[in-house]
Amino acid sequence: MRVSVEESGAFQGEVTLNIAGLLGVGELLFRLYPNHFGHLLRVEEARSEGKSLPLDAVEPTVLVVQLPSELPQTASLHLRFSGVLPRELLGYGIFAHTARAMIMSQFYPILAPWEGEWLLHPTFPFGDNLVAEAADYLVFLQVPSGWVPVASGEERKTGWNTWQINGENLREFCLVLVREYTGLVDRWADVEIRVFFPFGFDQAGKRALAIAKEALPLLTARLGSFPFPDVDLIAAPLSGAGGVEYPRLILINQDYALDPYTDFFAEIVVHELAHQWWYGEVGTDQVAEPWLDEALATYTSSLYFEVQGELEQKVREWQDRFLQAKKLNPQASVGSGLWEFLGRSGYAGYVYAGGALLLHEVRSSLGDEIFFSILRNFREKYRWRIARACDFLGLLAEELGPLFSALALEYFGDQPQCQTEPTGSVNPR
Ligand SMILES: [Zn+2]
């Protein structure tokens, strides 16, 4: 991918995809996620083998590229795109031009997953909307003077304002440009940890680094090695979220960096670190089954609080939040898709708190050894793929036996419909 970003927040790029196994696929579907909030991202042209390909927009976030019938099984496809970062924080503010950070989440056309049919969900102003396969990225970037890129991958300066970034097995490529920021680098074992905070947030930067260094040994002891060679922690203005996870990159809402000694600040850092396993490495359908990666991230990040004797307190918090969610939105359950939480009603209480409680009950029943071996098996089996809730629940059911039905009833309101549900065809609108 070649991308050039201007001071104004306008950007242009061209992405080349090398795709194998295209035989019989007549079209490719790409997601233009920023367009949930307006016409912010545009694909101007698609080409393959020197020929222009017809484009069709089904809706603002879905682009269809028609493939010629004679296309070989393996082909290169070029998409030329452009866009502009708004000056306001729309949604969580993850696609925005602010005074010191240009946050460019999902700024390029992203191939929808193919599971015998295209996996296509509507987009929502909350939750994580991206569902994508992991891919290898090589990015040539030009930035405006004074801005420094922090991205999913390894950044290498190649010229005055030019950079080359590469990363393997990325579910998406996140790019943030910063200015007037301080960077700190440290290591835990073979993982490089880098933090980037605006000038004046030095305490928060040091604290974030310290928390990451404390959390990594706890998480890796239970889950196995960290999925990536490095991770970047960036503070930036966000709205309505404490943090947001990307492969090899974590955004932290800088409002919470004003007092980095709170439990919540630590929770943001550790929760988003846990997502490097649950979302980054083991992909999930974050729209239809948002609980899967959120419950796993919430529960495994509580390992950090457990060593400080605070697990019981976390469990009580989850119980309160879960109870409140059930009152607010009695029709929903832990297993609900984003569309069942319109207005965010009960979303965090079910998906994060309820899901974490379920995992806590499973761990209490099975004991640490079996519980964490289930998590490691799940990780091994679905590494760099998109796992389904049923894949995980199947592993739990095997160990839990008859107890599984009672837990399913309590958290999902019913037995999960694992056999009959077709994969990839959920379209609730
Ligand atoms: Zn999360």
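Order of appearance sets the numbers: ligands from 1, and atoms from 1 within every ligand.
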Checking distances from the Zn ion (ligand 1), one finds that the N, O or S atom of His271 closest to it is NE2
Here the N/O/S atom of Glu294 closest to the Zn ion (ligand 1) would be OE1
Tell me whether Asp128 has at least one N, O or S atom under 2.8 Å from the Zn ion (ligand 1).
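It does not; every qualifying atom lies at 2.8 Å or beyond.
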| field | Pairs involving residues 179-238, ordered by first then second residue, that meet ring pair (Phe, Tyr, Trp, His ring centres under 6.0 Å) (sequence neighbours left out) | value |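 Matches after skipping sequence neighbours: Phe226-Trp277, Phe228-Trp384.
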Those residues at least two apart in sequence (or on a different chain) that pass side-chain hydrogen bond (donor to acceptor under 3.5 Å, both in side chains) with Glu399 are none
In short, Ala212 meets Ile193 closest at the heavy-atom pair CB-CG2, 4.0 Å
Q. Any chance NZ of Lys381 has more than 12 other-residue heavy atoms, nucleotides or ligands included, within less than 6.0 Å?
A. no
